[in-house]
2 protein chains.
Amino acid sequence: MSQGSDAIDLQTSLGYLLKEASSALRAAMEEVLRPLGMTITHYSCLELLAQRPGLSNSELARGAFVTRQSMSVLLQALERDGYVTRAAQPSVGKALPTRLTPRGRRSLEKASKAVRAVELRMLAGLSEDEQAAAFRILTSMTHSLRDGGAQD
Amino acid sequence: MSQGSDAIDLQTSLGYLLKEASSALRAAMEEVLRPLGMTITHYSCLELLAQRPGLSNSELARGAFVTRQSMSVLLQALERDGYVTRAAQPSVGKALPTRLTPRGRRSLEKASKAVRAVELRMLAGLSEDEQAAAFRILTSMTHSLRDGGAQD
DNA sequence: CACCATATGTCAGACTTCTGACATGAGTCA
DNA sequence: TGACTCATGTCAGAAGTCTGACATATGGTG
């Protein structure tokens with residue numbers, strides 16, 4: 001089962017398993033968001049704004065794990081379609097605070113419910129202790145990867 | 001900080017943390033693979049072929065978590081550049097078994113070493129027990145998401 | 001045999017995201 | 001004041017991936 005020193009055993013590689021789980025989560029989310037006409041980034045953006053109104057484009061991009069450029073494209077569409085509003089002019093610096101409109105909030109409600117169901121399904125087989133362990137483990141992985149790499 | 005029953009608290013959502021960790025892993029892998037002129041899917045394809053020679057396009061796509069179409073585009077480039085070889089005609093069905101060339105194997109060696117370092121860094125803060133728990137947890141999450149959703 | 005469901009490989013087009021580049025605004029410091 | 005650094009928003013083009021569609025090959029079933 002185990003390989004030599006050079007090879008990575010995909011069957012037991014935690015990196016591979018992490019990617020596999022993330023891929024399954026993404027597929028499950030896309031499946032429930034598609035009928036609502038939303039992509040994952042689209043949903044993530046609305047959810048972030050619901051919890052922290054006034055986030056800027058760059059802050060939203062970081063929170064949704066995409067580039068500023070990608071989030072900018074999305075925000076322009078969301079603003080055009082009336083889901084969010086942005087200050088016409090920056091209050092400080094160049095950052096334009098963004099907020100949900102009532103329409104955006106309504107749209108988010110259905111999506112949030114669907115996504116929550118997916119998350120519950122994901123956790124179905126895990127005990128309370130395992131969920132707590134998952135929290136610690138995922139947090140540790142993230143920080144280890146960030147601290148060791150180049151600061152972006 | 002906590003919301004009503006509808007909202008998802010991103011700070012403690014395991015779904016969000018999973019995406020965050022996966023995003024950090026992806027960024028770290030892209031950082032080390034870019035100097036080698038490889039994307040993650042590119043690397044994944046070679047690694048899969050090293051461990052299971054003769055995989056078809058569709059099997060590689062499933063293993064790398066992309067569509068057949070995406071893997072097909074990649075395989076055509078890899079074959080053109082001499083990293084892999086494909087049977088000219090299918091031995092059974094339409095599946096074309098693919099194998100690494102010596103050049104592909106050499107190319108993979110460097111990449112595999114770099115990716116292994118990233119994975120070790122990711123696990124740096126975790127005990128043996130926690131790594132075992134991570135294995136169980138990620139596997140459970142994947143299967144729960146798949147079993148509950150539509151069979152693709 | 002014919003029919004159907006499933007799986008595969010491929011082409012074409014569109015979408016999303018990314019990289020690279022530039023200009024603007026704020027803060028630090030000599 | 002001026003120079004420098006950093007963060008932000010945006011534009012333009014490229015890269016990767018996706019959806020939709022079609023033809024082909026296999027196996028099961030009537």
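Lettering follows sequence order; numbering is per chain, from 1.
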Check salt bridge (Lys or Arg N to Asp or Glu O under 4.0 Å) between A/E59 and all other residues, then give those that pass, not counting sequence neighbours. none
Spacing between B/L78 atom CG and C/dG9 atom C1', to the nearest angstrom: 16 Å
Between OG1 of B/T39 and CZ of B/R26, what distance do you get to the nearest 0.5 Å? 12.0 Å
Quick one: label B/S70 by what it contacts on the DNA or RNA (base, sugar-phosphate, nothing), any heavy atom closer than 4.0 Å. base
What's the CG-P distance between A/N57 and D/dT10, to the nearest Å? 6 Å
Please write out the pairs of protein N or O atoms and N or O atoms of nucleotides 11-16 of chain C separated by less than 3.5 Å, giving the distance to one decimal.
| residue | atom | partner | partner atom | Å |
| --- | --- | --- | --- | --- |
| C/dC11 | OP2 | B/Q76 | NE2 | 3.4 |

Tell me which pairs pass salt bridge (charged side-chain N to carboxylate O under 4.0 Å, His left out) where either residue lies in residues 84-93 of chain A, with sequence neighbours left out. none
Could you tell me the separation between the CZ atom of B/R62 and the OG atom of A/S23, rounded to the nearest 0.5 Å? 13.0 Å
Is the shortest side-chain N to carboxylate O distance from B/R116 to B/E47 below 4.0 Å? no
Report yes if at least one side-chain N or O of B/R62 is closer than 4.0 Å to OP1 or OP2 of C/dT8; otherwise report no. yes
Would you indicate whether the side-chain heavy atoms of A/L108 and A/L100 approach each other to under 4.5 Å? yes
Whichever of B/V73 and A/E59 has the more 5' nearest nucleotide on DNA chain D, that residue is A/E59
Between B/R68 and C/dA7, does any side-chain N or O lie under 4.0 Å from OP1 or OP2? no
Look at the side-chain N and O atoms of B/T67 and state whether any lies under 4.0 Å from the OP1 or OP2 oxygen of D/dC18. yes
Closest-nucleotide 5' rank along DNA chain C - winner of A/H42 and B/S58: B/S58
Between D/dC18 (C1') and A/E30 (CD): distance, integer Å: 9 Å
Taking distance alone, no hydrogens or angles, what donor-acceptor pairs closer than 3.5 Å link side-chain atoms of residues 129-137 of chain B to residues at least two apart or in another chain?
| residue | atom | partner | partner atom | Å |
| --- | --- | --- | --- | --- |
| B/E130 | OE1 | B/S127 | N | 2.9 |
| B/E130 | OE1 | B/S127 | OG | 3.4 |
| B/Q131 | NE2 | B/L126 | O | 3.4 |

Atom-pair distance (CG on B/L60; P on D/dT17), nearest Å: 13 Å
Apply side chain to side chain donor-acceptor pair (under 3.5 Å) to B/S70 and list each qualifying residue two or more places apart in sequence or on a separate chain. B/T67
In whole Å, I'd like the distance from the CD1 atom of A/I40 to the P atom of D/dC18. 12 Å
DNA chain D contacts made by residues 83-99 of chain B, counting heavy atoms under 4.0 Å: B/G93, B/K94
Within this structure, what is the CG-to-C1' distance between B/L33 and C/dT19, rounded to whole angstrom? 17 Å
Measure the spacing between CG of A/L25 and CD of A/E30 and express it to the nearest 0.5 Å. 10.0 Å
Whole angstroms only, please: what is the CG-P distance between A/L74 and D/dG9? 14 Å
Rounded to whole Å, please give me the gap between CD in B/E31 and P in C/dT19. 11 Å
